[in-house]
Number of protein chains: 2
Amino acid sequence: MTIPLRDTTTAPRRCTHDYQVSCSNCRLGTICLPLALEADAIDQLDEIIQRGRPLQKGDHLYRESDDFKSVFAVRSGSFKAYRTTDDGREQVTGFYFPGEVMGMDGIAKNSHACSAKALETAAVCEIPFNSLSDLSVKMPTLQRHFFQLMSREITEDQQLITLLSKNTAEERIAALMLSISSRNARRKLSATNFRLPMSRIDIGNYLGLTVETVSRVFSRLQKLEVLQVSNKEIEILDLKALQDVANVIIETE
Amino acid sequence: MTIPLRDTTTAPRRCTHDYQVSCSNCRLGTICLPLALEADAIDQLDEIIQRGRPLQKGDHLYRESDDFKSVFAVRSGSFKAYRTTDDGREQVTGFYFPGEVMGMDGIAKNSHACSAKALETAAVCEIPFNSLSDLSVKMPTLQRHFFQLMSREITEDQQLITLLSKNTAEERIAALMLSISSRNARRKLSATNFRLPMSRIDIGNYLGLTVETVSRVFSRLQKLEVLQVSNKEIEILDLKALQDVANVIIETE
DNA sequence: CGGAGCGTTGAGTACTATCAAAACAAGTGG
DNA sequence: CCACTTGTTTTGATAGTACTCAACGCTCCG
């Protein structure tokens with residue numbers, strides 16, 4: 001499960017490990033770029049992607065206001081994206097798991113709008129944006145897919161907005177657990193048993209709650225036998241109930 | 001100020017009104033698509049844009065789950081975008097003023113992720129997405145600009161996320177007033193005197209507050225002589241103070 | 001083993017929501 | 001033009017959810 005790499009802060013550019021894979025044989029398949037592309041197209045994409053950047057827990061992939069050069073697809077491990085507010089506080093804007101693409105917020109101003117930090121040992125595919133643009137011009141399908149990827153990021157942000165704007169602490173936590181569950185399922189991992197890579201602090205920050213509230217909600221959901229929580233290990237005991245909690249039950253009429 | 005069009009539900013396709021303008025002589029200039037394009041490019045863009053769709057207050061430009069065909073640039077008037085949550089409630093995701101582009105959330109799934117409703121009499125430029133895609137392939141600059149536009153939408157959503165996650169009612173209202181103020185300024189309108197096109201309900205919905213709270217905050221800011229509020233008419237009396245309210249003063253150390 | 005950071009739990013508080021009522025504005029039809 | 005309806009906005013009283021402050025148990029790692 002964990003990556004067979006460690007301690008390679010200065011990663012050797014090419015070695016024979018599994019991160020050497022190409023897009024065509026990547027086990028993440030079509031998750032990262034939902035490409036129903038011809039083999040030829042995949043090869044071209046493959047050309048521009050730079051692999052082999054293992055990061056340790058706590059390492060930054062990029063920082064806010066860094067020059068924007070590339071977007072990144074997570075290959076293994078996980079990341080949090082966050083921005084620093086005017087008054088110095090941190091706002092977590094998203095968590096990223098294998099197959100998901102980060103950094104598109106940097107396109108607007110040619111500098112990253114948020115920082116990305118590894119929550120555990122992690123590896124990414126770096127996709128230089130200029131090359132991607134150029135290739136998109138030649139390959140309308142790729143352009144379309146990338147538009148879709150960005151659009152999806154927009155709709156996901158809007159879902160979070162709704163969550164923050166309308167939902168209670170329990171609903172927010174339940175929604176996050178369900179989100180992580182389904183993203184796991186997409187990668188053929190267990191939808192009911194998983195380990196949270198992020199701290200309670202990050203969860204609270206992301207969901208607009210304090211750590212204490214997050215902790216209390218977990219305790220409550222455990223008491224209700226909806227979740228089994230043991231530190232970062234989560235087991236969904238009652239999926240239906242969890243969905244009910246998330247869905248806002250309110251049936252006034 | 002209001003548009004010289006009314007009652008044209010079935011808008012005549014071509015008439016001699018001012019909405020006949022082309023991109024090259026549009027007084028919104030580079031606001032909508034920040035195009036530093038060559039004249040030739042602008043003409044090509046102009047070709048694909050469909051104008052003359054005046055809407056009345058309350059009319060929908062598109063609805064959630066409508067087929068996605070186009071994005072829209074606001075020409076006059078204003079819109080709110082909203083999505084309906086699973087339990088039937090409404091979540092306002094944004095307000096759109098002249099020069100701003102709506103509908104990019106629809107690209108991901110080829111159907112609109114939210115509805116767009118005119119807050120007052122309004123007109124738009126419709127930009128068919130397929131044509132835009134095709135043109136982008138031929139014009140890398142246009143592709144780049146459109147990527148940037150989408151990226152900007154992402155960063156703006158993230159700002160709203162931060163606002164909802166971290167800020168008090170007063171801070172949220174202040175931030176919205178400042179946002180509207182600066183968007184007005186960009187269009188060479190007054191940054192201190194303006195009319196809110198949306199209701200208190202919409203403001204509250206957008207900012208994750210109840211109507212009552214919105215109203216109370218306006219009253220308080222008025223008492224503090226930061227704002228002059230008279231129904232929908234807003235005057236910013238003390239910009240500095242308003243920025244202080246928005247910026248989270250908290251200077252613990 | 002001990003410290004540092006993380007996570008949990010408790011008590012009290014505060015901000016915002018909820019409920020309720022009334023003033024006000026806008027639109028309709030007689 | 002006015003009575004009437006409907007929806008919006010404001011204000012007040014009360015309640016509840018989540019925050020703050022505080023203490024303590026747990027983990028991880030040097």
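So you know, we letter chains A, B, ... as the sequences are listed, proteins then strands, and number each from 1.
The shortest distance between the side-chain N/O atoms of A:S199 and the OP1/OP2 oxygens of C:dG5 is not below 4.0 Å. When the side-chain nitrogen and oxygen atoms of B:K232 are compared with OP1 and OP2 of D:dT9, one or more of them lie within a distance under 4.0 Å.
Residues B:E90 and B:K80 are paired through a salt bridge, judged by an N-O separation under 4.0 Å between the basic side chain and the carboxylate. For A:R195 and A:E120, the salt-bridge test fails: no basic side-chain N is under 4.0 Å from an acidic carboxylate O.
Look at CG on B:L163: it is 12 Å from P on C:dT16, rounded to the nearest Å. What separates CD of B:E171 from P of C:dA14 is a distance of 17 Å, to the nearest Å. B:L196 has its CG atom 14 Å from the C1' atom of D:dT8, to the nearest Å. If you measure from atom CD of B:Q222 to atom P of D:dT9, you get 15 Å, rounded to the nearest angstrom. Distance, B:F218 CZ to D:dT9 C1': 11 Å, rounded to whole Å. Put simply, CD on B:E233 is 17 Å from C1' on C:dC24, counting in whole angstrom units. With rounding to whole Å, A:R195 atom CZ is found 14 Å from C:dC6 atom P. Atom P of nucleotide C:dA25 and atom CZ of B:R200 are separated by 12 Å, given to the nearest angstrom.
Residue contacts shown for A:S215 include a base, since a base heavy atom lies under 4.0 Å away.
To the nearest 0.5 Å, atom OH of residue B:Y96 and atom CZ of residue B:R183 are 8.5 Å apart.
Ring to ring, A:F79 and A:F72 are not that close: their centroids are 6.0 angstrom or more apart.
Other residues, nucleotides and ligands contribute over 12 non-hydrogen atoms within 6.0 Å of the NZ atom of B:K232.
Recorded end-axis angle for the helix from C:dC1-D:dG30 to C:dG30-D:dC1 stands at 40°, based on five pairs per end and rounded to 10 degrees.
The aromatic rings of A:H112 and A:Y62 sit parallel to each other, their planes meeting at less than 30°, with 60° as the upper class boundary.
Residues B:L227 and B:L237 form no side-chain contact, since every pair of their non-hydrogen atoms from C-beta on lies 4.5 Å or further apart.
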Close N or O pairs between protein and nucleotides 17-20 of chain D (under 3.5 Å):
residue : atom : partner : partner atom : Å
D:dA18  : OP1  : A:A169  : N            : 2.6
D:dC19  : OP1  : A:G208  : O            : 3.4
D:dC19  : OP1  : A:T210  : N            : 3.4
D:dC19  : OP2  : A:T210  : N            : 3.3
D:dC19  : OP2  : A:T210  : OG1          : 3.0
D:dC19  : OP2  : A:T213  : OG1          : 2.3
D:dT20  : O4   : A:R216  : NH2          : 3.1

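No side-chain donor from either of B:R186 and B:S182 sits under 3.5 Å from a side-chain acceptor of the other.
Screening A:R220, A:R216, A:K223 against A:E170 for a salt bridge (Lys or Arg N to Asp or Glu O under 4.0 Å) leaves a single residue, A:R220.
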